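Heads up, the thing below is written out as structure tokens.
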Amino acid sequence: MRSFKRTDQHGFTLWDTILTLVLVAMLSALALARYSKLNSDAISDAETLKSNLRYAHTRAMTDIYTWQVQVDGQNCTVQRNAPVPTSFTLSFSTAGVAAGTTTFDNRGRPSGTMSYVVAGFPQSPVTITTETGFIP
């Protein structure tokens, strides 16, 4: 009896398929983790910016001096525009916040930059309502 041995087989073995799937899963997990980190940093930066804008808005309405928020991309400075100015500066996690300056008067009305783009933030841009100074 003659046995046939097939030497011209085509295709992938089960081992090749499993190894490929494992590599694809590892690369996907790495890419997803990196994307999630960038997205969470952008959300954190946007919320920090909103918080500083709301703080300056509220403080301006209870003061005779104007309050100002200045963003340079990496930092956010909140300043009381008095004869002796007081200020504090916070750093963003990313450098993805557009630069600008917003000033609030003693009635809470904003002037200057009314919209800040935060790269990677799904609800970008962060906007300030023109007459009321409301930051959604």
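All values below come from the heavy atoms of this structure, side chains included, with hydrogens, waters and symmetry mates left out. Note that this is a predicted model, so its numbers are computed, not measured.
No donor-acceptor pair under 3.5 Å is formed between the side chain of N106 and the backbone N or O of I64. Remark: the backbone N or O of R54 is paired with a side-chain donor or acceptor of T58 at under 3.5 angstrom. Under the 3.5 Å distance criterion, the side-chain polar atoms of Q74 are matched with a main-chain donor or acceptor of F92.
Distance CH2/W67 to NE2/H57: 13.5 Å, rounded to 0.5 Å. Between atom OG1 of residue T66 and atom CZ of residue R109 there is a gap of 12.5 Å, rounded to the nearest 0.5 Å. If you take OG1 on T77 and CG on D72, they are separated by 6.5 Å, rounding to the nearest 0.5 Å. The distance from the CD atom of Q70 to the OG1 atom of T101 is 4.0 Å, given to the nearest 0.5 Å. Atom CD1 of I135 and atom OG1 of T129 lie 7.5 Å apart (nearest 0.5 Å).
Nearest heavy atom pair, residue A119 against residue A42, reads O-CB, 3.3 Å. Of all the heavy atoms in P83 and P85, the pair that sits closest is O-CD, 3.5 Å.
Side-chain contact annotation: D41 with T94, donor-acceptor N/O pair under 3.5 Å absent. Under 3.5 Å, the side chains of Q79 and N81 contain a donor-acceptor pair of N or O atoms. A donor-acceptor pair shorter than 3.5 Å cannot be found between the side chains of T103 and S111. Looking only at atom types and distance, the side chain of D16 has a donor-acceptor partner in the side chain of T13 under 3.5 Å away. For the residue pair S91 / N75, a side-chain donor-acceptor distance below 3.5 Å is found, with atom types taken as modelled.
Between F121 and Y116, the ring center distance fails the sub-6.0 Å criterion.
Hydrophobic clustering (side-chain heavy atoms under 4.5 Å, transitive across Ile, Leu, Val, Met, Phe, Trp, Tyr) keeps M61 apart from V78. The hydrophobic clustering, which links ILVMFWY residues whose side-chain heavy atoms are closer than 4.5 Å, places V117 and I128 apart. A continuous path of hydrophobic side-chain contacts links F88 to V97 [ILVMFWY only; heavy atoms under 4.5 Å]. Both L90 and V118 sit in one connected hydrophobic cluster of ILVMFWY residues. Membership requires side-chain heavy atoms under 4.5 Å apart, directly or through other members. One hydrophobic cluster, built from ILVMFWY side chains closer than 4.5 Å, cannot hold both Y65 and V69; they sit in different ones.
The shortest distance between side-chain heavy atoms of S115 and V126 does not fall below 4.5 Å. Between L53 and F104, some side-chain heavy-atom pair lies under the 4.5 Å cut-off.
Using a cutoff of 4.0 Å between basic side-chain nitrogens and carboxylate oxygens, R59 and D63 are not scored as salt-bridged.
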Open item on the list: The test is side chain to side chain donor-acceptor pair (under 3.5 Å); show your working for T102 and T113 and say whether it passes.
Closed with: CA-CA 5 Å; T102 303; T113 306; 4.8 Å; no
